[in-house]
Amino acid sequence: AVVSTQSTGGMPVEEVASHRIRITLTSRNLKSLEKVCTDLIHGAKAKDLDVVGPVRLPNKNLKITTRKTPCGEGSKTWDKFEMKIHKRVIDLKSPSETVKQITSISIEPGVEVEVTIADS
């Protein structure tokens with residue numbers, strides 16, 4: 001907490017130190033990821049916080065190509081499997097206590113949330 005005496009006629013006022021907070025969300029399911037993003041942003045805007053995002057980062061496409069036949073005999077047919085990982089970044093500027101209240105929402109299964117705090 002920082003004590004300042006500006007614009008209050010000499011009376012000390014306690015200001016809460018705000019931090020730059022980056023919330024990184026990753027998931028394989030796009031619908032659940034977007035739902036968690038909108039819930040976080042609505043919660044942050046309800047508390048009058050500065051919100052930037054969600055910034056959509058490029059997907060990671062993990063591909064595996066395998067032979068269909070287990071023994072190697074027969075015609076050479078292939079199976080292609082693909083898994084897409086979606087990623088979103090939300091930046092907030094707020095006290096850390098407020099972020100605990102915002103991130104306490106119910107998070108969909110399969111969505112990973114990473115919160116990093118940097119001093120501003």
Ignoring hydrogens and angles, tell me if any N or O in the side chain of Thr116 forms a donor-acceptor pair with the backbone of Arg22 under 3.5 Å.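 The answer is yes, because a donor-acceptor pair under 3.5 Å joins these two groups.
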
Does Thr38 use its side chain to pair, donor to acceptor, with the backbone of Glu34 at less than 3.5 Å?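 Yes, because the side chain of Thr38 sits within donor-acceptor range (under 3.5 Å) of the backbone of Glu34.
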
With heavy-atom distances below 4.5 Å as the criterion, would you say the side chains of [X] and [Y] are in contact?
X	Y	result
Ser94	Ile21	yes
Lys60	Lys84	no
Asp91	Val51	no
Leu62	Glu82	no
Pro54	Ile41	yes
Ile23	Val89	no
Val113	Ile107	yes

What distance do [X] atom [atom1] and [Y] atom [atom2] have between them, rounded to the nearest 0.5 Å?
X	Y	atom1	atom2	value
Arg56	Leu33	CZ	CG	9.0 Å
Arg67	Asp79	CZ	CG	11.0 Å
Ile64	Phe81	CD1	CZ	8.5 Å
Thr24	Glu112	OG1	CD	11.0 Å
Met83	Asn61	CE	CG	10.0 Å

Stepwise, does the side chain to side chain contact (heavy atoms under 4.5 Å, CB included) test hold for Arg28 with His86? CA-CA 6 Å; Arg28 291 184 292 162; His86 306 276; 5.9 Å; no

Charged N to carboxylate O below 4.0 Å: is that the case for Lys87 and Glu114? no

Quick one, Leu25 with Ile90, criterion side chain to side chain contact (heavy atoms under 4.5 Å, CB included). Give me CA distance, side-chain angles, the key distance, then yes/no. CA-CA 8 Å; Leu25 304 165; Ile90 300 171; 4.1 Å; yes

Between Ser32 and Ser27, what is the shortest heavy-atom contact and its length? OG-OG, 3.8 Å

Nearest atoms (heavy-atom pairs only) where Leu49 meets Lys93: CD2-O, 4.1 Å

Yes or no on side chain to side chain contact (heavy atoms under 4.5 Å, CB included) for Gln101 and Lys47, after CA distance, side-chain angles and deciding distance? CA-CA 10 Å; Gln101 295 171 359; Lys47 300 206 182 276; 3.3 Å; yes

Criterion side chain to side chain contact (heavy atoms under 4.5 Å, CB included) on Thr77 and Thr69, from CA distance to verdict: CA-CA 8 Å; Thr77 54; Thr69 176; 5.6 Å; no

